[in-house]
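Here is the structure we will look at, set down as structure tokens.
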Protein chains: 2
Amino acid sequence: MALAGKRNSSAKLRSAAFRRIRADHLTELAEDYVELIADLIDERGEARGTDIALRLGVANATVVKTLKRLQDAGLVSQEPYRAIFLTGDGWKMAEDGRRKHKIVEGFLLALGVGAETARIDSEGIEHHVSEETLKAMARFLARSG
Amino acid sequence: MALAGKRNSSAKLRSAAFRRIRADHLTELAEDYVELIADLIDERGEARGTDIALRLGVANATVVKTLKRLQDAGLVSQEPYRAIFLTGDGWKMAEDGRRKHKIVEGFLLALGVGAETARIDSEGIEHHVSEETLKAMARFLARSG
DNA sequence: ACTATAGTTTAGCCAATGCTAAATTTACCC
DNA sequence: GGGTAAATTTAGCATTGGCTAAACTATAGT
């Protein structure tokens, strides 16, 4: 083949980043769901499918299907036609998501980003920041706040 | 229903963020591909399926299938069994991705994050930062660097 | 207690993104 | 120029995450 050379040098290293992003995507939805369920329980005492669908902007049936997967994953528990609860693992994931979310959103605000943008962007970013980056953001936040 | 109250207050606003994230995911893969193809062309003069598969960490067949979609989307052009090229739109998207990537990665480095983490995290974050946040990052970068 | 309505679930569809295995094509080398 | 190895493509499959429409259940209100 033409151009055969020292290709592939650091390809494996590079691919690791993409692999992690794909893995992140699998847990991303789960994190969004449990975080939202935790919020709903705290706000109103219970989480219902309709509210989840409304806040996430998806159809009811989609929520049902996803919740089934989350139940299989041991994050959520639910009886048919009843409200939705988080398991111990579910709460753990929700708390971790909230922690990240708070740091990222606070950080963006401290950086001078507007409130609305900070809210939206942090929602997307929180699933892709490592602990090291979170630590750096927290440090910045402590120094500037 | 129990608990009927002033629910849904800002639900539509909240759901917008999640909608944007889902939309982002659709373009995310496309951006990763065109950026990588642009890099390969610059590095070695051509982009081949195998190299893309290797760097992205996916199977060859997956690359073929995705390239077909990108071709339909007008970002990539390719003859069967030949190397891969970017269209004008493809280059535009690649350049924009590189621009974002550079800002985010540079920003993380300036924030004190290690090189390896900065590289990995920026790969995940670049697709979820708004122009406003990019501007704030660039500002920080200019002040601190 | 009945009925209307709100909420939930099921069924069946689609597109995207991944995989493996088999077939095909290209290109290199002798 | 023909054989072989590498690259590419095709075929077929699975999962995720979305949708609509129809069926079912539970609750509230009269």
Side-chain angles (χ1 to χ4, degrees), chain A residues 1-5 7-8 11 15 18-34 36-37 40 44 46-73 75-85 127, chain B residues 1-5 7-8 11 15 18-34 36-37 40 44 46-73 75-85 127:
Chain A
M1 301 272 95
L3 288 178
R7 54 167 45 104
N8 309 353
S15 75
F18 291 108
R19 279 181 192 284
R20 214 205 62 188
I21 289 168
R22 283 198 303 277
D24 285 350
H25 281 164
L26 289 179
T27 49
E28 201 170 323
L29 236 217
E31 283 180 14
D32 284 342
Y33 268 76
V34 297
L36 177 49
I37 291 168
L40 287 168
R44 346 195 200 276
E46 66 167 20
R48 300 182 321 154
T50 304
D51 294 320
I52 297 175
L54 194 68
R55 289 229 193 157
L56 250 29
V58 301
N60 253 282
T62 301
V63 170
V64 173
K65 205 182 282 191
T66 304
L67 285 177
K68 209 160 285 168
R69 277 199 304 277
L70 297 185
Q71 208 167 357
D72 290 347
L75 295 168
V76 146
S77 77
Q78 187 190 18
E79 303 290 315
Y81 294 97
R82 288 275 119 81
I84 296 137
F85 297 99
H127 305 289
Chain B
M1 302 274 98
L3 290 178
R7 54 167 45 108
N8 310 353
S15 75
F18 291 108
R19 279 182 193 285
R20 215 204 63 188
I21 289 169
R22 282 197 302 275
D24 285 350
H25 281 163
L26 289 180
T27 49
E28 201 171 324
L29 235 218
E31 283 180 14
D32 284 342
Y33 267 77
V34 295
L36 177 50
I37 291 167
L40 287 169
R44 348 192 198 276
E46 68 169 17
R48 301 183 319 154
T50 303
D51 293 321
I52 297 175
L54 194 68
R55 287 230 193 155
L56 250 29
V58 301
N60 251 282
T62 301
V63 170
V64 173
K65 206 181 282 191
T66 304
L67 286 177
K68 209 160 284 166
R69 278 200 305 275
L70 297 185
Q71 207 166 357
D72 290 348
L75 296 167
V76 146
S77 78
Q78 187 190 19
E79 302 290 315
Y81 294 97
R82 287 274 120 79
I84 297 138
F85 298 99
H127 305 289

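Heavy-atom basis, side chains included; hydrogens, waters and symmetry copies ignored. Residue numbers start from 1 in every chain, and the chains themselves are labelled A, B, ... in the order their sequence lines are given, proteins ahead of strands.
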Report task. Report the distance from atom CG of B:Leu75 to atom CD1 of B:Ile37, rounding to the nearest 0.5 Å. Result -> 9.0 Å
Query raised in the report: When you check the phosphate oxygens OP1 and OP2 of C:dT8, does a side-chain N or O of A:Gln78 lie under 4.0 Å from one of them?
Result: no
**Report entry** For B:Ser77, all residues meeting side chain to side chain contact (heavy atoms under 4.5 Å, CB included), sequence neighbours excluded
**Finding:** B:Phe85, B:Thr87
Query raised in the report: Can you check the A:Asn60 CG to D:dC24 C1' distance for me, whole Å?
Result: 14 Å
Query raised in the report: Which residue, A:Ala61 or B:Lys68, contacts DNA chain D at a nucleotide closer to its 5' end, judged by nearest heavy atom?
Result: B:Lys68
Query raised in the report: Got a second to check how far B:Ser15's OG is from A:Leu56's CG, nearest 0.5 Å?
Result: 8.5 Å
**Report entry** Length of the CD1-C1' vector between A:Ile21 and C:dT17, whole Å
**Finding:** 15 Å
Report summary line: Terminal axes of the helix from C:dA1-D:dT30 to C:dC30-D:dG1 (5 end pairs apiece), angle rounded to 10 degrees, sit apart by 10°
Report summary line: Rounded to whole Å, the CG-P distance (B:Asp24 to C:dA16) equals 17 Å
Report task. Answer yes or no: does a side-chain N or O of A:Arg48 lie under 4.0 Å from OP1 or OP2 of D:dA26? Result -> no
Requested in this report: Could you pull out all residues at least two apart from B:Arg55 that satisfy salt bridge (Lys or Arg N to Asp or Glu O under 4.0 Å)?
Outcome: B:Glu43
Report task. Scan residues 19-29 of chain B for pairs that pass salt bridge (charged side-chain N to carboxylate O under 4.0 Å, His left out), counting only residues two or more places apart or in two chains. Result -> A:Asp121-B:Arg20, B:Arg20-B:Asp24
Query raised in the report: So does A:Thr50 get a side-chain nitrogen or oxygen closer than 4.0 Å to the phosphate oxygens (OP1/OP2) of C:dA6?
Result: no
Query - Rounded distance [0.5 Å steps], CG in B:Leu26 versus CD in B:Glu31 - result: 11.5 Å
Query - Pairing residues for A:Ala53 by the side chain to side chain contact (heavy atoms under 4.5 Å, CB included) criterion, not counting sequence neighbours - result: A:Asn60, A:Val63
Every protein N/O lying under 3.5 Å from an N/O of nucleotides 14-18 of chain D:
residue	atom	partner	partner atom	Å
D:dG17	OP2	A:Arg69	NE	3.1
D:dG17	OP2	A:Arg69	NH2	2.5
D:dG18	O6	A:Lys65	NZ	2.2

Query raised in the report: Rounded to whole angstrom units, what separation is found between the CZ atom of A:Arg19 and the C1' atom of C:dT17?
Result: 14 Å
Report task. Take A:Asp51 and A:Arg48 through the test salt bridge (charged side-chain N to carboxylate O under 4.0 Å, His left out) and record every step on the way to the result. Result -> CA-CA 6 Å; A:Asp51 294 320; A:Arg48 300 182 321 154; 3.3 Å; yes
Query raised in the report: What is the distance, rounded to the nearest whole Å, between atom OH of A:Tyr81 and atom C1' of C:dG7?
Result: 9 Å
Query - For atom CD of B:Glu79 and atom C1' of D:dA7, their distance in whole Å - result: 17 Å
Query raised in the report: If you measure from CD1 on B:Ile52 to CG on B:Asp32, what distance do you get to the nearest 0.5 Å?
Result: 11.5 Å
Query raised in the report: Under 4.0 angstrom, heavy atoms only, what part of the nucleic acid is A:Glu28 near: base, sugar-phosphate, or nothing?
Result: nothing
Report summary line: Whole-Å distance, B:Leu54 CG to D:dA7 C1', equals 13 Å
